[in-house]
Each structure stands twice: as C-alpha cells, then as structure tokens.
Protein chains: 2
Amino acid sequence: MSLWQQLLRLLGYHKTTDRFTFEADASLIHSLQGLAKQQRRPEHEVAAELLSFAIAQRDAAEQNLQRWEQLSPREQQVAALICLGYTNRQIAARLTISPETVKTHARNLLLKFGLGSREELRFALAGWDFSAWDR
Amino acid sequence: MSLWQQLLRLLGYHKTTDRFTFEADASLIHSLQGLAKQQRRPEHEVAAELLSFAIAQRDAAEQNLQRWEQLSPREQQVAALICLGYTNRQIAARLTISPETVKTHARNLLLKFGLGSREELRFALAGWDFSAWDR
DNA sequence: ATTTTACCAGAACTTTTGTTCTATTAATTA
DNA sequence: TAATTAATAGAACAAAAGTTCTGGTAAAAT
C-alpha cells in the first residue's frame, strides 16, 4: 500500500490515484518522508498535521476575501498596490493623486479589515496574487 | 527549553495519541471537502497542493534557523524584540542602549538574514515563539 | 428640502524606519 | 607586533508610514 493510499485511508477515502496525481505525490512522498524521519513520526501523521496547517491558512484567506469585497473600488486599488510593495508616493503617481490621499485610502481600508498597519495587510494577504493590478 | 525545542514545538513536533489524530482527521475531511467543492477540484488534488504548500513553509523555517544561529547574542536580542513588534525606541529602553544602536544591530542582523527590512524579518519568522524574550 | 453617509481628495504634523557614516574594543590573523 | 575582523555603541540625515484634521460631491435617509 502506497503512502498516499495510507493517507487517503486515514482520511477516510478509498479513491484510487490517477497517473497525474501520482507524479505529484512522488515529490510529496519524498518530502514527507524526510520530514517524518526528522521528526521521528509516521508519515501519515505528519501529513495530517501539514494539511491542518494549510487549511487554517486558507480559512483566514476566506475571511479576508469577504472584507476585500467591502472595499470601495479605490480602496481595492490602493490595497492591491500596497500589497505589491509600492510606497505611498509610487501609488500616488500611478493613480494620479497625492500621497496624502493614498494614506487616507489606506487608513480607510485598514479600518475595514480591522488591521492596524499596512504591514499587517501585506501579511494577511500574503498568499494573494495581485499581479493583475500591476500594469 | 531551548529555542530549537521551542521551534520544533511550534512546528508541531509533539506526540499524539491515535485518538487525537483521528479527531483531527474528521475536521480535515470536512475542510477538504469544503475547499475542494469551492474550487471544483478533486479532494486528493487539493490535499496534495496544500501539503506542498505546508512543506515549503517548513523548509523555509529550517533555513531561517541556520541564519538565526549565525547572529550574535545582541543581534538575537534585537531580532526577537523586533519580531515581538517593539519599536526601536522601546527596544533601546529595554536594552539600555540608544535607538540608533538598535538600528545598527537591526541592519546587521537583516544583512545576515539576507532581508531588506524588519517587516520581512517579522514575516519570515512569523511562526516563531519569542515569548521567552519578552520578560 | 435638509441631513446623513460613503467616497474621494488633500495637508500638517508626528513617529518610525532606513541609510550612511563614525568610534571603541576584543579576538583573530598575518 | 601590526593589521584585520566582528561585535557593540552611536549620530545625522532622508524616506516612509501613521495620525488627525479638512473639504467637496453624490446618493440615500429623514
């Protein structure tokens, strides 16, 4: 019985793996084995924990999406550019407004997110892809 | 408890009973199903991706530990307090040095980490527990 | 019709971080 | 022994973010 099948079984699944998924699993199996050996724990246990960790990350991302949707168009623009790492001055130049206005929008959107700084915003939305806003 | 042990603990290095693991799996199944449904993808595929993501996080943490160990005692102090969210002034007061000196140590430790700002440091070490440095 | 609210715009002032430089000391290297 | 390096300490200046305030307009509520 393969590791993946062990995992699926642990998770209560009884599906067979197709060929594509198996290839991806090969590298995962290797990583999992390395990690499990390092931790001296069974692979399936390590895998379950890693999944739990990853899913928690996703749940937080879901909540942030709801907050994102409450932003005004302008606030979303500013938020995206903040997360892309631009300074107020750079954002201002891009949106043809003043840096002070950027700060105002930043303040407002942070309030809607319930965050205290743009660093927190960048941290909260770290897994998001804002490349579409970077034209 | 050493920092390494703290880190391992944060990374979830602890023994669990079969029973605990089983309970965790039930919630995992639920979460996985929800996520897979949302993404309209097979559960095992989503799980593989999540695992991949989680393992990448772990690898990065390992690398950061090596960099941490290259820091001088003072640099570790400053790094820990930075990650706990203190300002230069606050750190200076605590270590009875000037804020300028804090900045110098910050500069030096960031160089050793290969990072550009304290925000990046806080991001890189986000999963670490620095409470022991917060007396 | 008037008031309220959300959105967009902006400025003055403060705080914080970043950048570049200087100096001393102990340990190591040439 | 002199030179080099790492660690620790510090300051001047610049850039960036944070804080508090103001103002105009359109739409919704009173």
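Note on naming: letters A, B, ... go to the chains in the order of the sequence lines (proteins, then strands), and numbering restarts at 1 for each one. Remember, it's a predicted structure, so these values are computed and weren't measured experimentally.
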Whole angstrom is fine here: how far is it from CD in E100(A) over to P in dG10(C)? 9 Å

What's T101(A) touching, base or sugar-phosphate or nothing? Going by heavy atoms closer than 4.0 Å. base

Taking 4.0 Å as the cut-off, does a side-chain nitrogen or oxygen of R89(B) come that near to OP1 or OP2 on dT17(C)? no

Would T101(B) and S98(B) count as a side-chain hydrogen bond (donor to acceptor under 3.5 Å, both in side chains) here? Give the steps. CA-CA 5 Å; T101(B) 306; S98(B) 82; 3.2 Å; yes

Do L121(A) and F123(B) sit in the same hydrophobic cluster, where Ile, Leu, Val, Met, Phe, Trp and Tyr count as joined when their side-chain heavy atoms come under 4.5 Å apart? no

What's the OH-C1' distance between Y86(B) and dT16(C), to the nearest Å? 17 Å

In this structure, how many angstroms lie between the P atom of dT16(C) and the NZ atom of K103(B), rounded? 11 Å

I want to confirm an ordering. Mapping L71(B) and T96(B) to their closest nucleotides on DNA chain D, which one lands closer to the 5' end? L71(B)

When T87(A) and P99(B) are each assigned the nearest nucleotide of DNA chain D, the 5'-most assignment goes to P99(B)

Output the rounded distance in Å from CD1 (I91(B)) to C1' (dT8(D)). 16 Å

Answer yes if the side chains of R118(B) and N88(B) hold a donor-acceptor pair under 3.5 Å, and no otherwise. yes

Any S98(B) side-chain N or O less than 4.0 Å from OP1/OP2 of dA11(D): yes

Would you say the rings of F130(A) and W68(A) are close, in the sense that their centroids are separated by under 6.0 Å? yes

Does any residue of residues 107-120 of chain A have a heavy atom under 4.0 Å from DNA chain C, and if so, which ones, in number order? K112(A)

Between CD of Q90(A) and P of dA16(D) the distance, given in whole Å, is 7 Å

Any side-chain N or O of S72(A) below 4.0 angstrom from OP1/OP2 of dC8(C)? yes

Give the C-alpha distance, both sets of side-chain angles, the deciding distance and a yes or no for side chain to side chain contact (heavy atoms under 4.5 Å, CB included) between I97(A) and R74(A). CA-CA 11 Å; I97(A) 55 177; R74(A) 202 62 156 170; 3.4 Å; yes

At what distance, to the nearest 0.5 angstrom, does CD of E75(A) lie from NE2 of H105(A)? 7.5 Å

Rounded to whole angstroms, how far apart are CG on L81(B) and C1' on dT17(C)? 16 Å

Gap between atom CD of Q90(B) and atom CD1 of I82(B) - 0.5 Å precision: 12.0 Å

Please report the distance, rounded to the nearest Å, between CZ in R74(B) and C1' in dA26(C). 16 Å

Go through dG10(D), dT8(D), dT17(C) for me and flag the one nearest to the I97(B) side chain. dG10(D)

If you check the T104(A) side chain, which of dG10(D), dG10(C), dT8(D) turns out closest? dG10(C)

Does dA9(D) have OP1 or OP2 sitting under 4.0 Å from an N or O in the side chain of H105(B)? yes

Rounded to whole Å, the CG-P distance (N88(A) to dA9(C)) equals 14 Å

